[in-house]
Structures are given as C-alpha cells and as structure tokens.
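Read through the structure below, which is laid out as structure tokens, and then see the notes.
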Amino acid sequence: MASMKAQARDLAQAFGLRFGRAAVVSRAPGRVNLIGEHTDYNDGFVMPAALDFATLVAAAPRADRRVRVYSQFMDETREFDLDAPQPAGDHAWSDYVFGVAAKLEEAGRRLAGADLAVWSDVPLGAGLSSSAALEVGAAHALLAASGLPFDPVEAAKVGQRAENEFVGMRCGIMDQYIAACGVAGNALLIDCRSLESRLVPIAPNLRLVITNSGVRHQHAGGEYNDRRTACEEGVRLLAPHLGPIAALRDVAPEALQRWRAALPDLIYRRCRHIVTENARVLEAETALKTGDFAACGAAMNASQTSMRDDFEITCPEIDFLADFAQGLDGVYGSRMTGGGFGGCTVSLVEADAVDPMKEALVAAYRDAYGLTAEVFVCQPSDGAGFVELGGV
Ligand code: GLA
C-alpha cells in the first residue's frame, strides 16, 4: 500500500489535470468500534478507534457558489449549487458531500464554491464507516476551501445531520465523531450525550484485528432505523414509571429489570442490550486502562452475545467468526463491530498471536462458508486533518 502522503500527492496531481489548479488535501479516517453498539443514539457510551484506512479530499475554491466533486472510484463528477440546495439526497455517493455542504450552510458557515476530488481506501459497505469518512473529509475540505476553521466536534454534528436529514439514515454520532476527533495510538471513550471524550491508550502489545465477513445484508438501513424506533418506544413506555428520562442512557439495568412487565418482550430485549452495553463500555475502558485485557475481552464477548440474542443485529457468518476467534490462543475477546447485519468483527489480540489467529480464522471460515475473510490489523490513527504534500 502506498503511503498516505504518496496517495495524496497522486490525488493532487489528478486534481491538477482535471481542474487546472493546485489543491490542498484533507484526510478523514474510517473507524472500528471496540465496544458500545447502537448506544450512541441512546445518548450512551461508545469506544471506537480511527483507522489507517482513510478518505482523501483534494479541494480548491471556485469564484462561484457551485460545488463540483469528482470520485476516482466512481470515475464520475457531480455538481451542487450552494444557492439552490436540494433538500435531500438522490441515493448517490455524492449525497455525503452535498449533504455536508447543505448542513454547513444551515449551521451558518457561508461556504465558497469548490472543486473537489475524492479517493478512499476505506472498504465500502463493510461497517467501517466509509460514509462518515467521506462526510468529515468533505467538511474539512469545504471549510478549508472557504478559509474557515475546522472545529472537529461541530464537523461531527454536521456530518451526522447530513446523514440523518439529507441521506435519510438515522445514525448516531459515533462514526463522524471518531473520524473528526480520533487520536493515534488510542481509542476514544465518547460520551454521546455531553460529546466529551477520554483517551483510552491501546497497549503496545495489543492489536485490534478486523475481520471482514464479506457479508452485506440487504435492508440493513431499514433494520437500523427499526432498532432506533424500538429504543424510543422503550423510553416512552418506561417514562411513566421512571420519571423524566430523555433516553435509555438514563435507565439503569436494575430499573429496567424492575419495570420489565411494562414492556413487550421484544422492546424489553432491545432495551436490555442498550443498558447493559453502556455498562460494558465503561468496564472495558477501565479494563484497558488498568491492563486487565482479559476483562476487556470478556466485556467484548458479552457484547457479542447481547447483539446476537437481544438486539438481533448479527448474522450467522459474523457469529461464526466471533465465536471461533474467541476460542483461539492470545485472543482476549471478539465481537461484531458497527451497525450490524454483516460487515466486520473486531478482536483484541496479543501481538504475537495475530499471525496464527489470522491463519486459523481464514481457514475455518472458508471451510464453514466457502468465503474468504479479509483480515486487517488496525493502527489507531488520527482524526481529520490536512495531508502535508511537501518533503519526502
Ligand atoms: C452505525 C451508525 C452509528 C452507530 C453504529 C452502531 O455505524 O452510523 O451511529 O449507531 O452503527 O453502533
């Protein structure tokens, strides 16, 4: 893999050929979530890390108020008029760029028109947040082209709004937040209510191993929104008993247990995943900070079980990969990562156990499903910023 700087230079060169001027290059990463799934839109806790896979956006301002964006992957250029913004997307890759442009303007950021060129090596549709990387990369690039400052948390909020209101996916803020605010060598414990975060260093002997099942279930967007609706229904039904609660964040596991009868079984199980998952994220944070990797792994394994049985967002291929990895030497824990219904698992692994783990997992998955699992070792990376093109 060419270095990010070499990729950025290539992109700036392609930009020059296409648009006839020099560009600056912004970068925003994909993410892996160690633990805390579907807790973000319940005002809860998550613990993702930014990946070394990233999206690059080359940008230069225009004299008018048009945004023109070229995707190297799609080999297509699309245009958007900042003075006549469409209210919603049209199910194209460019929605993530134009949605962010529209929401930045709505937030009071007066943008210049811009030409943009986009490149990415974040695997698409694998649950590693290629869309958030594009949103945050586009926000960084559009602000840079307009001579405006980049505020990471504001960019995360704008990206989420673009996805909620322009793309139509009711996601939480985790993916955009970590793409904007990630710190190399660390995961972040994010409080999705206060939008504050704490660094969680990844010890040098640990590796975050990502395994792509290659499975991408259809209708995942609809299922995702359904889960969110179920959580909201839980809050509505619990509120008469628990007083003014704004989100499942406000419900302790014991309180949920006490008022179980107030909820239909399905809603109860959805809520149980969220309230127990919030507790597991905090346990995992403490475990990583105190070097108790076995306890962190146990929380990850319990999260996998809860996603499988209570929230029902896994699938047989993912369950197989997580179960198999959990049984291997040097693997502390393994679980599905991301929105669900396919995608990837993340495993917490001793550095010297990674190679045998990879080999065993790929062979077992091929035997069981006839599929080849891709395995990546993640280097926790920085969030959005410029790529310096000069020097070696
Ligand atoms: C997707 C969403 C996030 C989060 C995860 C599940 O990645 O974009 O906001 O809800 O699913 O944890």
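Owing to the predicted nature of the structure, the values given are computational and were not obtained by experimental measurement. Counting convention: from 1, in listed order, for ligands and their atoms alike.
- Applying the 4.0 Å criterion to heavy atoms of Cys171 picks out, from ligand 1, the atoms 2 (C), 8 (O), 9 (O).
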Check your understanding: What's the verdict on side chain to side chain donor-acceptor pair (under 3.5 Å) for Ser334 and Gln304, showing C-alpha distance, side-chain angles and the deciding distance?
Key -> CA-CA 7 Å; Ser334 186; Gln304 163 65 21; over 6 Å; no
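- Environment of CD in Glu359: sparse, with no more than 12 heavy atoms of neighbouring residues, nucleotides or ligands closer than 6.0 Å.
- Of the protein's heavy atoms, Gly339 CA, 3.2 Å lies nearest to atom 11 (O) of ligand 1.
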Review point. Please walk me through it: do Tyr70 and Phe19 pass ring pair (Phe, Tyr, Trp, His ring centres under 6.0 Å)?
Key: CA-CA 10 Å; Tyr70 171 71; Phe19 295 117; 7.3 Å; no
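- Considering backbone and side-chain atoms together, Tyr224 places an N or O closer than 3.5 Å to an N or O of ligand 1.
- Screening Tyr41, Phe311, Phe341 for a ring pair (Phe, Tyr, Trp, His ring centres under 6.0 Å) involving Tyr224 leaves a single residue, Tyr41.
- Ligand 1 lies within reach of Arg31, whose nearest heavy atom is under 4.0 Å from it.
- Contacts of Met336 with ligand 1, taken as heavy-atom pairs under 4.0 Å, are absent altogether.
- At the top of the distance list for atom 5 (C) of ligand 1, counting protein heavy atoms only, stands Met174 CE, 3.8 Å.
- In this structure, Asp90 pairs ionically with Arg78, as a charged nitrogen and a carboxylate oxygen lie closer than 4.0 Å.
- Taking a cutoff of 4.0 Å between a charged side-chain nitrogen and a carboxylate oxygen, Arg227 and Glu223 qualify as a salt bridge.
- For ligand 1, one of its N or O atoms has an N or O atom of Gly172 under 3.5 Å away.
- Considering Leu128, Asp175, Val46, Asp40 only, the shortest heavy-atom separation from atom 4 (C) of ligand 1 involves Asp40.
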